[in-house]
Amino acid sequence: MSLALALTLTACGGDSENSGGGNGSTGSGGGSTADPDGALSAFGTEPENPLVPGNTNETGGSKVVRALFTGLTTYDPVTGESKNAMAQEIKTTDSKVYTIKIQAGWKFHDGTDVKAKNFVDAWNYTAYSPNGQQNGSFFEQVQGYKDVHTEDPDGTAGPQKAPQPTTDKMSGLKVVDDTTFEVTLASPFAVFPLKLGYNPFFPLPDSFFSDPKAFEAKPIGNGPFKFVSRKPNTEIKLTRNDDYKGADKAKFKDLTFKIYESNEAAYASVVSGDLDFLDTVPPTGIAGGKYKQDLEGRNGSTPYMGNQTVTFPLYDPTYQNPDLRKAISLAIDRKSIVDKIFDGTRIPADGWVNPAVPGYAKDQCGELCVYNPEKAKEYLAKSGFKGAIKFSTNADGGHKDWMTATCNSIKNALGIECTYEPIPTFAETRQQINGRKMTAIFRSGWIADYPSIENFLNQIYRTGASSNDGEYTNPKLDELLTKADAAPSVDEANKLYQEAERLLRDDMPVIPLWNQTAQYGWSERLDNARLSSLRELDLTTVTVKKK
């Protein structure tokens with residue numbers, strides 16, 4: 001997400017040019033008739049925050065937000081390619097000043113018109129640091145961003161302790177008329193149009209600004225589905241927006257995201273038919289290809305732009321020595337874990353960017369991502385570390401087996417104690433991460449918000465970035481990222497992003513584990529079920545069979 005911290009976090013990288021969705025199986029039509037008034041349920045996780053686009057960057061919330069809202073652009077469910085949605089045209093001559101014209105006639109779910117000002121107001125609100133929106137840093141290239149944003153809302157200082165911004169409006173945003181606005185960036189940024197389909201770039205209705213709390217209780221979007229109700233830790237109900245102007249209309253009526261105590265419970269539910277779609281088969285279902293038997297004729301497997309990593313809380317003195325971090329990476333037998341726990345369905349990582357992502361460079365991690373107990377012990381000795389290692393993540397996401405196997409690999413290679421300490425839920429895990437209270441190495445990873453290497457670097461490793469959960473900082477990397485952002489073309493930018501990525505090898509703030517593929521399944525009630533390139537149920541193709 002997206003931060004895009006995924007519940008199961010597979011490889012946010014791994015997106016080759018074929019980013020996912022269409023490679024897996026889909027439910028065949030079988031001659032059955034689709035029910036346009038049908039209802040389906042899909043696996044969900046409790047959103048970390050209220051369903052405000054600018055404050056939503058994890059998988060559970062993003063699934064819902066992307067059903068409720070439509071942005072300027074969207075991403076092809078099969079190829080991941082960016083294409084216009086609400087935007088009629090996005091023009092620039094210098095990659096610095098962009099003129100954006102939106103289609104007229106679109107409405108929010110409350111009946112009010114979607115205007116250019118609704119984008120500008122939403123972007124300013126998200127970027128303004130006192131509002132504490134987690135996606136604020138996505139606007140860092142916009143002229144005037146530094147005047148409205150003075151602190152990462154998740155940083156150790158916190159927004160309340162930061163100096164107050166001098167204004168709440170970025171100078172680089174200007175409304176021209178009801179359907180046109182202009183965006184001026186601080187410097188040329190050729191990647192900018194690729195970002196515009198992601199959550200923080202969605203518009204917000206006027207009613208949000210007059211009463212944000214009322215909006216949080218009942219979100220109002222402009223997308224293919226409308227909000228109905230929410231029971232925390234149980235379900236979120238949506239219904240089709242029949243006045244929707246977009247091309248990606250749904251072919252069924254009601255959508256419920258069901259929230260389970262564990263991924264294993266959700267798996268049992270889709271096997272029994274109580275859940276209609278599961279986007280993440282747990283390791284217990286993958287081992288030995290069990291899901292193929294349990295869900296015969298209604299399962300799929302596809303790569304997507306995502307990766308699995310683990311992050312060091314660098315604000316904890318325990319993990320501040322880079323030699324210790326390198327020793328741990330060298331002590332992880334990625335291939336054995338992939339083969340044993342995931343039945344060979346993952347790809348051991350060779351860097352911090354998924355191979356399917358445009359801009360990916362091979363072997364950026366080098367020997368530090370290759371299992372080598374002898375070299376691991378050398379780095380451990382250099383570090384002087386004598387303690388025990390702890391790993392932690394949410395217990396409700398199906399991660400216990402691989403985290404335990406990772407700990408065992410480290411224990412066997414280094415001869416030191418390593419334990420897995422679960423946290424009950426994903427929401428609680430995110431609270432500890434955001435509060436900078438983690439004392440263990442924690443599960444992380446990324447699912448591409450948009451198809452670019454930039455998304456895997458700026459939002460995770462830049463000092464103060466919205467998803468820099470380990471508090472990593474490196475001025476040289478920051479400088480390279482700034483140069484890459486200002487490059488005159490995407491190709492030139494990618495070379496600089498790749499150079500920045502190589503610096504991560506020296507510091508190892510995050511350990512790459514494997515690039516992801518997704519195994520998924522559906523009930524007998526569905527046809528045409530598939531995963532999108534963002535590893536979500538493709539709501540544009542799936543249908544519900546008539547009873």
Side-chain angles (χ1 to χ4, degrees), residues 1-7 9 44-69 71 121-139 149 151-156 158-160 162 198-205 207-209 211-221 223 225 227-238 257 259 393-394 396-397 423-438 442-447 449 459-460 464-469 534 536:
M1 153 181 251
S2 261
L3 217 147
L5 252 181
L7 173 75
L9 273 166
T45 54
E46 182 65 15
E48 177 187 353
N49 297 310
L51 298 168
V52 178
N55 206 27
T56 300
N57 62 7
E58 41 72 40
T59 304
S62 289
K63 287 179 186 176
V64 185
V65 163
R66 284 196 272 259
L68 292 172
F69 289 85
D121 290 349
W123 294 12
N124 278 322
Y125 181 89
T126 301
Y128 185 57
S129 54
N131 291 329
Q133 301 295 283
Q134 290 190 338
N135 290 330
S137 66
F138 278 87
F139 297 96
H149 193 99
E151 184 67 31
D152 168 27
D154 288 341
T156 48
Q160 293 77 18
Y198 184 47
N199 304 351
F201 298 94
F202 293 163
L204 287 170
S207 59
F208 169 83
F209 303 98
D211 194 343
K213 289 298 179 185
F215 178 95
E216 290 178 3
K218 188 173 182 179
I220 297 166
F225 286 88
F227 181 85
V228 175
S229 63
R230 176 178 179 181
K231 294 181 182 177
N233 297 303
T234 303
E235 65 180 21
I236 299 172
K237 288 190 172 184
L238 311 180
F257 289 101
I259 297 163
T393 192
N394 52 303
D396 61 352
I423 300 171
T425 67
F426 181 61
E428 291 173 78
T429 304
R430 288 304 311 167
Q431 288 166 6
Q432 289 195 31
I433 291 171
N434 290 339
R436 303 305 191 244
K437 296 177 180 178
M438 296 297 289
F442 55 91
R443 179 185 64 83
S444 50
W446 198 255
I447 297 175
D449 302 315
Q459 300 306 323
I460 307 173
S466 63
S467 297
N468 189 342
D469 290 333
L534 296 176
E536 297 171 359

query: Taking only residues two or more places apart in sequence or in another chain, which ones pass ring pair (Phe, Tyr, Trp, His ring centres under 6.0 Å) with Phe225?
result: Phe252
- request: Can you measure from CG (Asn57) to CD (Glu48) and round to the nearest 0.5 angstrom?
  value: 6.5 Å
message: To the closest 0.5 Å, what do you measure between CZ (Arg436) and CG (Asn434)?
response: 6.5 Å
- request: Verify, without hydrogens or angle tests, whether Asp469 (side chain) and Ile433 (backbone) share a donor-acceptor contact under 3.5 angstrom.
  value: no
query: Between Phe257 and Arg230, is any pair of side-chain heavy atoms under 4.5 Å apart?
result: no
- prompt: Mind checking what makes salt bridge (Lys or Arg N to Asp or Glu O under 4.0 Å) contact with Lys213, not counting sequence neighbours?
  reply: Glu216
task: Could you check if a side-chain atom of Pro205 sits within less than 4.5 angstrom of a side-chain atom of Phe215, using non-hydrogen atoms only?
output: yes
- prompt: Can you name the residues that form a ring pair (Phe, Tyr, Trp, His ring centres under 6.0 Å) with Phe227, not counting sequence neighbours?
  reply: none
- prompt: So Phe201 and Trp123, would you call those rings parallel, tilted or perpendicular, with 30° and 60° as cut-offs?
  reply: perpendicular
- line: Hits for side-chain contact (heavy atoms from CB on, under 4.5 Å) against Asn124, two or more places apart or cross-chain, chain-then-number order -> Val120, Lys169, Met170, Leu173
query: Can you name the side-chain contact (heavy atoms from CB on, under 4.5 Å) partners of Thr126, sequence neighbours left out?
result: Gln133, Asn135, Phe139, Pro200
statement: The reported gap from CZ in Arg430 to CD1 in Ile423 (rounded to nearest 0.5 angstrom) is 10.5 Å
query: To the nearest 0.5 Å, what is the distance between CG (Asn468) and OG (Ser137)?
result: 9.5 Å
- prompt: Nearest 0.5 Å, what's the CD-OG1 distance between Glu58 and Thr45?
  reply: 6.0 Å
query: Is there a donor in the side chain of Gln459 and an acceptor in the side chain of Ser466, or the other way round, less than 3.5 Å apart?
result: yes
message: My understanding is that only residues two or more places apart in sequence, or in another chain, count here; which of them pass salt bridge (Lys or Arg N to Asp or Glu O under 4.0 Å) with Glu235?
response: Lys237
- prompt: Where does the angle between the aromatic ring planes of Tyr125 and Phe209 fall among parallel (under 30°), tilted (30 to 60°) and perpendicular (over 60°)?
  reply: perpendicular
field: Heavy-atom check, side chain of Leu204 versus side chain of Phe69, under 4.5 Å
entry: yes
query: Shortest non-hydrogen contact from Thr56 to Ser62?
result: CG2-N, 3.4 Å
- request: Determine the minimum heavy-atom distance between Leu51 and Val64, stating which atoms define it.
  value: CD1-CG1, 3.7 Å
task: Give a yes or no answer on whether the side chain of Glu46 reaches the backbone of Asn233 with a donor-acceptor pair at less than 3.5 Å.
output: yes
- prompt: Salt-bridged, Glu536 to Arg66, with N to O below 4.0 Å?
  reply: yes
query: Any side-chain heavy atom of Phe138 within less than 4.5 Å of one from Asn199?
result: no
Atom pair CD1 (Ile259) and CD1 (Ile236), whose distance is rounded to the nearest 0.5 Å: 4.5 Å
- prompt: Below 4.0 angstrom, N of the basic side chain to O of the carboxylate: do Asp211 and Lys218 qualify?
  reply: no
